[in-house]
Undergrad: 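After the structure tokens below, expect a handful of questions from me.
Residue numbers start from 1 in every chain, and the chains themselves are labelled A, B, ... in the order their sequence lines are given, proteins ahead of strands.
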Protein chains: 2
Amino acid sequence: MARKSLVVEVADSVLDRIVSGELSVDELIPGELELCETLEVSRMTVREAIKTLAAQNIIRVERGRGTYVNPVNMWNSLEAVVRATTAGVGAAAAAVQLIELRRMLETGACELAASRITEEQLAAMGELLEAMRAAHAAADLDGFVEADLEFHDVILRASGNVFVSALYEPLGRVLSSRRRETSAFAQIQQHAIAEHEHILVALQRRDSSQARQAMDNHMQQTLDDLNTFVLNR
Amino acid sequence: MARKSLVVEVADSVLDRIVSGELSVDELIPGELELCETLEVSRMTVREAIKTLAAQNIIRVERGRGTYVNPVNMWNSLEAVVRATTAGVGAAAAAVQLIELRRMLETGACELAASRITEEQLAAMGELLEAMRAAHAAADLDGFVEADLEFHDVILRASGNVFVSALYEPLGRVLSSRRRETSAFAQIQQHAIAEHEHILVALQRRDSSQARQAMDNHMQQTLDDLNTFVLNR
DNA sequence: CATAGGTAAGATGTCAGACATCTGTCATGA
DNA sequence: TCATGACAGATGTCTGACATCTTACCTATG
């Protein structure tokens, strides 16, 4: 992996202090000159870093006054919100909330997709399901995860709603790093394959409520599997 | 309103060119020096502006190569996605898709809120509904819009899911600018009050599926009202 | 003693010029 | 024909400077 730029490092450093609670909501963050000295970088580097956090609404810059931390619900970066939430309520509770959010978007997208999906997309889903089965049989974790994610992605695109895809994208990036962790269990893979079969059938029938229900069942299964296999509770 | 900084103006200028289609996905955007000359600002100002777009994943910067436009679904800024989508499919289709997205999040949040909402929050919702009625009677549009938005906000917070609030925040900001447009119709206000009553009753009963259904009905009513009163179709 | 105005200090906004490093392309030599 | 090196164009980072906004403190006047 390429080495991170100093701008990114400075931005991460400030975000770490916010996420850890060292800097609280509405608290003044250290000024440009102080961050220069502390982090041993130029003022221009600090300014660029600060601007990237401001662009994500994590902080707000007030000319002549200072730079303040925004409330978490103002933040535009889901990654940053996940970091803050995980630090606040713990990884387990954060993971559960992420699945709750995912459930809302995926069941809604599935419902819309039922009446909008094309034959090509249905065919692609069939192939992806077959690829999941093959990867499962071959104990190919990477292959399984890739096909699983792509299956859901087709549904999102079939929803015909640009905003759902846009909002799901950061969620997908957050989830994909832990997808390998859960899909490593063969039984979870079997659950996923079975639920995907139901989803595909409902989409083939172009039955909106059945599609939504099938995806809802899948999300419930995913939540159950998370609790049983990963969180052990 | 305070005058925008040059950094913000440069960022907006580049985003305008992307959103308008003048710069397409994966296309190289003008380099730092070219933007300096074109926009008559310093290279540092251009760099800061570029960094803010990169922070929102609208563009990606590759050292030694150049800066490229990312696909819209990679963008982290809902405002930017809305601009691009509106430019692409038109304001009407974009508005419809936003309500589809809103429906997913609000019905999901309402379902969770049914079992998690506190007595204080229920009381607050009752007061907000009363405020809506009063504002409606007094033909107070601003008061009505404020109470309406706050009513929904209580539900989001009652969902107990930080991520739903985080994702809804930009959506709420996008919607609030056009809420005054739709709430200007007295009949739409009446529809909203009636649907909010059903929602509150279902939440008071702590009935998850009834709460979700009531919110779903509200979103459908909102979509119908949008089509009937605003889009005229 | 209180209020208002002015000044200064501290904060961010913007600039110009310089050098470092990465990437890609082209030319030359083997 | 292929490989290597050099150069040009791109971004990364820095230093030093000046502009402008905000706030706080001090002084003067009523």
Undergrad: Rounded to whole angstrom units, what separation is found between the CG atom of A:Leu35 and the P atom of C:dA11?
TA: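 These atoms are roughly 11 Å apart.
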Undergrad: May I have the distance from A:Glu32 (atom CD) to C:dA9 (atom C1'), rounded to whole angstrom?
TA: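 Checked: the CD to C1' distance equals 16 Å.
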Undergrad: Give the intermediate values and the outcome of side chain to side chain contact (heavy atoms under 4.5 Å, CB included) for residues A:Glu169 and B:Asn57.
TA: CA-CA 11 Å; A:Glu169 176 63 31; B:Asn57 239 25; 6.0 Å; no
Undergrad: Any chance the side chains of B:Asn76 and B:Gln56 put a donor and an acceptor closer than 3.5 Å?
TA: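 On atom types as modelled, these side chains do not qualify, holding no pair under 3.5 Å.
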Undergrad: Mind checking if A:Arg63 touches a base, just sugar-phosphate, or nothing, with heavy atoms under 4.0 Å?
TA: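 Touches a base.
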Undergrad: Got a sec? Which of residues 37-57 of chain A come in under 4.0 Å of DNA chain C, heavy atoms?
TA: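 Those residues are A:Arg43, A:Met44, A:Arg47, A:Lys51.
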Undergrad: Does atom CD of B:Glu146 have more than 12 heavy-atom neighbours from other groups under 6.0 Å away?
TA: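 No, because the 6.0 Å sphere around CD of B:Glu146 holds 12 heavy atoms or fewer from other groups.
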Undergrad: Angle class for the A:His218/A:His152 ring planes (parallel below 30°, perpendicular above 60°, tilted otherwise)?
TA: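 Geometry flag for A:His152 against A:His218: parallel rings.
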Undergrad: Measure CZ/A:Arg65 against C1'/C:dA9 and give the value in whole Å, please.
TA: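 After rounding, the gap between these two atoms is 16 Å.
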Undergrad: Reading DNA chain D 5' to 3', which nucleotide is the first, and which the last, to come under 4.0 Å of any heavy atom in chain B?
TA: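 That gives a stretch of D:dG9 to D:dC14.
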Undergrad: How long is the line joining CD of B:Glu62 and C1' of C:dG24, in whole Å?
TA: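 About 13 Å, once rounded to whole Å.
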Undergrad: Under 3.5 Å, is there a donor-acceptor pair linking the side chains of A:Glu48 and A:Thr45?
TA: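 No, no side-chain donor-acceptor pair sits under 3.5 Å.
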Undergrad: Does the side chain of A:Glu150 come within less than 4.5 Å of A:Val154's, by heavy atoms?
TA: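 In contact.
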Undergrad: Can you tell if the side chain of B:Ile199 reaches within under 4.5 Å of the side chain of B:Ile155, non-hydrogen atoms only?
TA: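 SC-SC contact between B:Ile199 and B:Ile155 confirmed.
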Undergrad: Residues two or more places apart in sequence or in another chain: which of them pass side chain to side chain contact (heavy atoms under 4.5 Å, CB included) with B:Glu79?
TA: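 Result, side chain to side chain contact (heavy atoms under 4.5 Å, CB included) vs B:Glu79: B:Ser77, B:Pro170, B:Arg173, B:Val174.
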